[in-house]
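So that the names make sense, note that chain A is the first sequence line, chain B the second, and so on, each numbered from 1.
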There are 2 protein chains.
Amino acid sequence: MSAGTLPSPGPGRPRSVEAHRAILDATLELVAEVGFDQLSVARVARRSGVSKATVYRRWPSKLPLVIEAFSELPTLEAPDNGNLVDDLIALLRQFAEILRDTPLARVLPVLAGECAHDPELSALLAPQIKARRAPLIQALERAVSRSELPPDIDLEASVDVIMGPLVTRMLFTGAEIEPDNVRRFVEAALFGINRLRSD
Amino acid sequence: MSAGTLPSPGPGRPRSVEAHRAILDATLELVAEVGFDQLSVARVARRSGVSKATVYRRWPSKLPLVIEAFSELPTLEAPDNGNLVDDLIALLRQFAEILRDTPLARVLPVLAGECAHDPELSALLAPQIKARRAPLIQALERAVSRSELPPDIDLEASVDVIMGPLVTRMLFTGAEIEPDNVRRFVEAALFGINRLRSD
DNA sequence: TAATATCGATACTATGCGCCTCGTTAATTG
DNA sequence: CAATTAACGAGGCGCATAGTATCGATATTA
């Protein structure tokens, strides 16, 4: 799935897996330190102890590299607590931790903004976004199967209602998100989800 | 308030107001066309028919320029319909129109991501964000004064709950936002706002 | 008219981009 | 054990951009 590692089936020197990881790690470090705009392929190569050409052999440009590095960031793991509220609280607490501990909050908005002009990159980023939303979709589906939610609910819109407040909060106000706030946001969202019928 | 126009109080040739507008317009055009990463001061100068030095005389770098151009984008105008639902629907419809007709959706996430590494720029962007949220805050305050909402409501969090779903929807899924969806999102959010007490 | 400050144009160094060549190194295949 | 194959590091190349500096021309105030 990763663009950089097309394992060589035939003879010849194989691509270094260590270099691959070093490049992605350096990319994430540098994005966190200096931001996307100041990031350059040459800097990534220097930081990862790899030749500049090696990076270009695997990724055509800076953006796909950052997208793949982004895909290496931790994703949500969906626990099955038997009820929707606890599932959502657990998921959003994980999300808040990831936002606090990784450069996700710095990478994702920039990628989203840049992909608006590049359908190719958008096609690269879209499945990543979808994969990160999947655990929430599944938690909602389990709630539907338990009749906690009506069967005709709009799952995608529900995910937006649940994640949206936290995302905007950390994006534009830069506010810290505490566990108590997570519970309040979940409850706030849940009171409205029933209105999000699909028809 | 704008960084570029410090009107000359004494003698000497004053700064061209036309050039100022041309530069900001060209910046917005180029951001919409090629994105923030591909944007360069030289391109802005060429597009606006202005010398490169003129741009540097007014803005120290690319980011403050884009931030000021961003501040020129239309803001929300708060109507007073006498009830909260209609106020919010009107505001969010305006917001959806702005997202559709201007490069706001492409500029804002990139700025937010870049400002995460630069406190100086963050200080430049923060008041712009606050000003754009103000009409929603005012609509909520009117609702409180009409006893539509409890007086101890968390206004900022309420704004996040109302705007968040739309913002994430247009940011990460790129979905079109139709007027009907706006009404549903407003209703979805309103059912939960009462839980957002400030204590 | 004199003083002042911005203007366009241009040159300048430094750096990044993306591509390329080259000799070297590490794996598969016979 | 050789021969083949492919990725490797090092480094050069042309081009574009960043940001600064200089210059004479121009527009405004005193």
Side-chain angles (χ1 to χ4, degrees), chain A residues 2-24 26-27 30-31 33-68 110 114 117-118 120-121, chain B residues 2-24 26-27 29-31 33-69 110 114 117-118 120-121:
Chain A
S2 59
T5 42
L6 297 173
S8 45
R13 183 177 179 175
R15 286 188 171 174
S16 165
V17 182
E18 297 81 5
H20 191 78
R21 290 224 57 85
I23 292 169
L24 292 179
T27 301
L30 285 173
V31 168
E33 288 175 22
V34 303
F36 178 83
D37 193 52
Q38 296 297 320
L39 185 72
S40 72
V41 175
R43 273 178 104 152
V44 171
R46 280 198 297 270
R47 171 72 65 99
S48 56
V50 154
S51 175
K52 193 175 60 168
T54 299
V55 183
Y56 277 109
R57 286 189 191 103
R58 307 190 183 196
W59 292 277
S61 72
K62 177 170 90 171
L63 267 161
L65 170 61
V66 176
I67 288 180
E68 184 165 342
V110 178
E114 293 296 334
H117 322 282
D118 196 326
E120 219 171 306
L121 290 167
Chain B
S2 60
T5 41
L6 296 173
S8 43
R13 183 176 181 174
R15 287 188 170 173
S16 165
V17 182
E18 296 82 5
H20 192 79
R21 289 225 56 85
I23 292 169
L24 292 179
T27 301
E29 288 175 23
L30 285 173
V31 167
E33 289 175 20
V34 303
F36 178 83
D37 193 51
Q38 297 296 320
L39 185 72
S40 73
V41 176
R43 273 178 103 152
V44 171
R46 279 198 297 272
R47 172 72 63 102
S48 56
V50 156
S51 174
K52 191 176 63 164
T54 300
V55 183
Y56 278 109
R57 285 190 192 101
R58 308 188 183 199
W59 292 278
S61 71
K62 176 171 94 173
L63 267 161
L65 170 61
V66 176
I67 287 179
E68 185 165 342
V110 178
E114 293 298 332
H117 322 282
D118 197 327
E120 221 171 306
L121 290 167

A.B. asks: Can you tell if the side chain of V66(A) reaches within under 4.5 Å of the side chain of E114(A), non-hydrogen atoms only?
C.D. replies: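 They are not in side-chain contact.
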
A.B. asks: OP1 or OP2 of dC7(C) less than 4.0 angstrom from a side-chain nitrogen or oxygen of S16(B), does that happen here?
C.D. replies: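 No, no such contact exists.
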
A.B. asks: Of S40(A) and A53(A), whose closest DNA chain C nucleotide lies nearer the 5' terminus?
C.D. replies: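 Nearest-nucleotide comparison on DNA chain C picks S40(A).
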
A.B. asks: Map R57(A) and K52(A) onto DNA chain D by nearest heavy atom, then report which one ends up closer to the 5' terminus.
C.D. replies: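 The residue closer to the strand's 5' end, by nearest nucleotide, is R57(A).
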
A.B. asks: Can you measure K62(A) atom NZ to dG18(C) atom P for me and round it to whole angstrom units?
C.D. replies: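 Distance, rounded to whole Å: 9 Å.
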
A.B. asks: Using every non-hydrogen atom in the two residues, find where E68(B) and W59(B) come nearest and quote the distance to one decimal.
C.D. replies: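 Looks like OE1-NE1, 2.8 Å.
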
A.B. asks: At their closest point, which heavy atom of P64(A) faces which heavy atom of S61(A), and how far apart are they?
C.D. replies: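 So the two residues come closest at CD-OG, 3.0 Å.
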
A.B. asks: dG16(C) P sits how many Å from Q38(B) CD, rounded?
C.D. replies: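 Distance, rounded to whole Å: 16 Å.
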
A.B. asks: Rounding to a whole Å, what distance do you find between F36(A):CZ and dG16(C):P?
C.D. replies: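 Nearest whole value for this atom pair: 16 Å.
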
A.B. asks: Could you work out which one of dG9(D), dA9(C), dC7(C) sits closest to the side chain of R15(B)?
C.D. replies: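 My answer, after comparing the listed nucleotides, is dC7(C).
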
A.B. asks: Without decimals, in angstroms, what is the distance between L63(B) CG and dT17(D) P?
C.D. replies: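 Nearest whole value for this atom pair: 17 Å.
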
A.B. asks: Side chain of R13(B), base of dT28(D): donor and acceptor closer than 3.5 Å?
C.D. replies: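 No pair found.
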
A.B. asks: How close or far is atom C1' of dT22(D) from atom OH of Y56(B), stated in whole angstroms?
C.D. replies: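 So the OH-C1' distance, Y56(B) to dT22(D), works out to 17 Å.
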
A.B. asks: When the distance from CG of D37(B) to P of dG16(C) is rounded to whole Å, what number comes out?
C.D. replies: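 Roughly 14 Å, once rounded to whole Å.
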
A.B. asks: Of all heavy-atom pairs between A19(A) and R58(A), which one has the smallest distance, and what is that distance?
C.D. replies: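 Taking every non-hydrogen atom into account, CB-NH2, 4.0 Å.
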
A.B. asks: Does dA18(D) have OP1 or OP2 sitting under 4.0 Å from an N or O in the side chain of R43(B)?
C.D. replies: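 Checking dA18(D) against R43(B), no side-chain N or O comes under 4.0 Å of OP1 or OP2.
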
A.B. asks: Select one nucleotide: of dG19(D), dG8(C), dA7(D), the one nearest the side-chain heavy atoms of R58(A).
C.D. replies: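 Per side-chain heavy atoms of R58(A), the pick is dA7(D).
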
A.B. asks: Looking at the side chain of P11(A), which of dC8(D), dT5(D), dT28(D) is the nearest nucleotide?
C.D. replies: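 Side chain of P11(A) sits closest to dT5(D).
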
A.B. asks: Round to the nearest Å and state the distance from L30(B) atom CG to dT17(D) atom P.
C.D. replies: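 Going from CG in L30(B) over to P in dT17(D) covers 11 Å.
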
A.B. asks: Taking all atoms of both residues into account, what is the closest heavy-atom pair of R47(B) and L30(B), and its distance?
C.D. replies: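 Closest approach of R47(B) to L30(B), heavy atoms only: NH2-CD2, 3.4 Å.
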
A.B. asks: From the set dA6(D), dT20(D), dC17(C), return the single nucleotide nearest to any side-chain atom of V41(A).
C.D. replies: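 Looking only at heavy atoms from C-beta outward on V41(A), the closest nucleotide is dC17(C).
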
A.B. asks: Distance check needed: dG9(D) P versus E18(A) CD, whole Å only.
C.D. replies: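 Answer to the nearest Å: 12 Å.
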
